Amino acid sequence: TFQGADIPSQNVKAIIENDANSVWIGTDKGISLFYGKGCNNYTTDNGLCNNNVNALAFDTQKKLWIATDSGLSFFDGKTFKNYFIKDGLPNNQIKSLLYDKRGNLWIGTPTDVCKYDGKTFKTYRIRGEQLPTIVECLYLDYEENIWMGTNNALYRYRGETFLTYNQKDGLINSFIYQIIRDTKNNL
């Protein structure tokens with residue numbers, strides 16, 4: 001429970017487990033490291049690029065990536081490094097994040113999906129067009145396919161091509177907010 005903790009907002013948009021005793025919480029007023037009955041809060045005053053946090057992800061070094069409404073922040077535990085369109089992002093509003101097994105950070109925006117390999121950002125297009133949707137969530141399956149839940153379809157990236165699934169393919173609704181798997185690897 002968060003009772004007794006000084007989390008600056010109850011509008012929680014993202015939670016990620018830090019270790020067995022603590023979690024990172026992303027809100028509309030920054031990020032908080034919650035540990036039992038207390039927490040450490042971080043905002044733009046500490047270097048975060050925007051206080052409206054949409055998603056959180058860890059890299060292989062257990063360093064924190066933060067998706068915000070005005071850019072992407074990286075937190076090494078002491079300082080923030082921020083990334084924007086001028087650095088190669090396709091859009092400053094970041095909706096979703098995913099760190100894959102090859103060490104790439106996947107970034108979902110309202111217009112595109114891109115991959116950051118630690119050096120450069122690469123924007124991906126579907127059938128020669130920009131992704132025509134808001135990328136609400138990202139998921140990596142056991143075969144290392146990247147799944148993208150959007151506001152009008154479910155996309156699967158197989159390393160070279162995008163496959164699209166929508167209501168014509170049997171989805172009850174084509175607006176996808178979240179993707180999880182069951183014990184039989186069904187999404």
Side-chain angles (χ1 to χ4, degrees), residues 2 5-19 22-35 38-125 130-140 146-151 155 157 177-179:
F2 299 137
D6 189 21
I7 297 171
S9 174
Q10 295 302 310
N11 188 6
V12 175
K13 296 183 172 186
I15 297 176
I16 189 169
E17 186 177 26
N18 186 52
D19 57 35
S22 64
V23 295
W24 282 101
I25 302 166
T27 72
D28 60 345
K29 293 184 179 174
I31 59 172
S32 299
L33 178 60
F34 175 73
Y35 52 92
C39 66
N40 296 332
N41 301 312
Y42 303 89
T43 66
T44 54
D45 293 341
N46 304 104
L48 185 65
C49 64
N50 183 283
N51 287 333
N52 197 25
V53 174
N54 297 313
L56 302 168
F58 283 120
D59 64 17
T60 55
Q61 314 279 295
K62 204 71 166 146
K63 303 299 184 197
L64 187 65
W65 290 87
I66 305 117
T68 78
D69 275 353
S70 298
L72 176 67
S73 288
F74 170 76
F75 185 57
D76 65 7
K78 295 180 183 175
T79 60
F80 288 90
K81 180 172 179 167
N82 299 313
Y83 299 88
F84 306 98
I85 288 174
K86 68 179 179 62
D87 300 304
L89 284 174
N91 191 311
N92 279 337
Q93 185 180 19
I94 311 298
K95 300 289 285 179
S96 52
L97 296 173
L98 170 73
Y99 216 87
D100 72 18
K101 293 176 183 174
R102 293 190 171 112
N104 299 304
L105 179 68
W106 291 83
I107 303 156
T109 77
T111 56
D112 302 281
V113 66
C114 74
K115 177 176 73 172
Y116 180 62
D117 64 6
K119 296 177 186 168
T120 58
F121 293 94
K122 180 180 179 182
T123 300
Y124 286 81
R125 311 220 182 269
Q130 283 188 333
L131 190 65
T133 57
I134 298 170
V135 181
E136 295 285 343
C137 61
L138 295 163
Y139 181 80
L140 181 68
I146 305 291
W147 292 84
M148 292 158 265
T150 73
N151 64 332
Y155 293 93
Y157 180 67
Y177 284 104
Q178 202 60 254
I179 302 168

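Hydrogens, waters and symmetry mates play no part in the numbers below; they use all other heavy atoms, side chains included. Small disclaimer: the values here were computed from a predicted structure and weren't measured.
Between L64 and N18, every side-chain heavy-atom pair lies at or beyond the 4.5 Å cut-off. The closest side-chain heavy-atom distance from L89 to L72 is below 4.5 Å. Residues T68 and N82 have side chains not in contact (no heavy-atom distance under 4.5 Å, counting atoms from C-beta outward).
The distance from atom CG of N91 to atom CD1 of I107, rounded to the nearest 0.5 Å, is 11.0 Å. The OG1 atom of T43 sits 8.0 Å away from the CZ atom of F80 when rounded to the nearest 0.5 Å. Residue K63 holds its NZ atom at 12.0 Å from OH of Y99, rounded to the nearest 0.5 Å. Note that OH of Y83 and OH of Y116 are 3.5 Å apart. Values are rounded to the nearest 0.5 Å. The CD1 atom of I31 lies 11.0 Å from the SG atom of C39; values are rounded to the nearest 0.5 Å. The distance from the CH2 atom of W106 to the CD1 atom of I146 is 5.0 Å, given to the nearest 0.5 Å.
Side-chain atoms of N41 and S32 form a donor-acceptor pair, as typed in the model, at a separation below 3.5 Å.
Listed here is the closest heavy atom pair of A67 and I94: CB-CG2, 3.2 Å. Nearest approach of Y42 to L48, heavy atoms of both residues: O-CD2, 4.0 Å. Summarising the geometry of E136 relative to S96, their closest heavy-atom pair is O-CB, 3.5 Å, with the distance given to 0.1 Å. Closest non-hydrogen pair, C114 versus F121, comes out as SG-CD2, 4.1 Å. The two residues Y139 and L98 come nearest to each other via the heavy atoms C-CD2, 3.8 Å. Across P90 and T109, no two heavy atoms sit closer than the pair CG-CG2, 4.1 Å.
Legend: residues meeting side-chain hydrogen bond (donor to acceptor under 3.5 Å, both in side chains) with D117, ordered by chain and number and at least two apart, are absent. Residues meeting the side-chain hydrogen bond (donor to acceptor under 3.5 Å, both in side chains) test with S70, sequence neighbours left out: N50. Taking D69 as the reference, N52, N54, Q93 meet the side-chain hydrogen bond (donor to acceptor under 3.5 Å, both in side chains) condition, with sequence neighbours excluded.
Ring geometry for F75 against W24 counts as perpendicular: the plane angle is over 60°, on a 0 to 90° scale with 30° as the lower cut.
No donor-acceptor distance shorter than 3.5 angstrom exists from the side chain of N40 to the backbone of L33, with no hydrogens or angles considered. A donor-acceptor pair under 3.5 Å links the side-chain atoms of T27 to the main chain of G30, judged by distance alone. Under a 3.5 Å cut-off, the side chain of T60 and the backbone N or O of G103 do not form any donor-acceptor pair.
In the displayed structure, K13 atom NZ is contacted under 6.0 Å by more than 12 heavy atoms of other residues, nucleotides or ligands.
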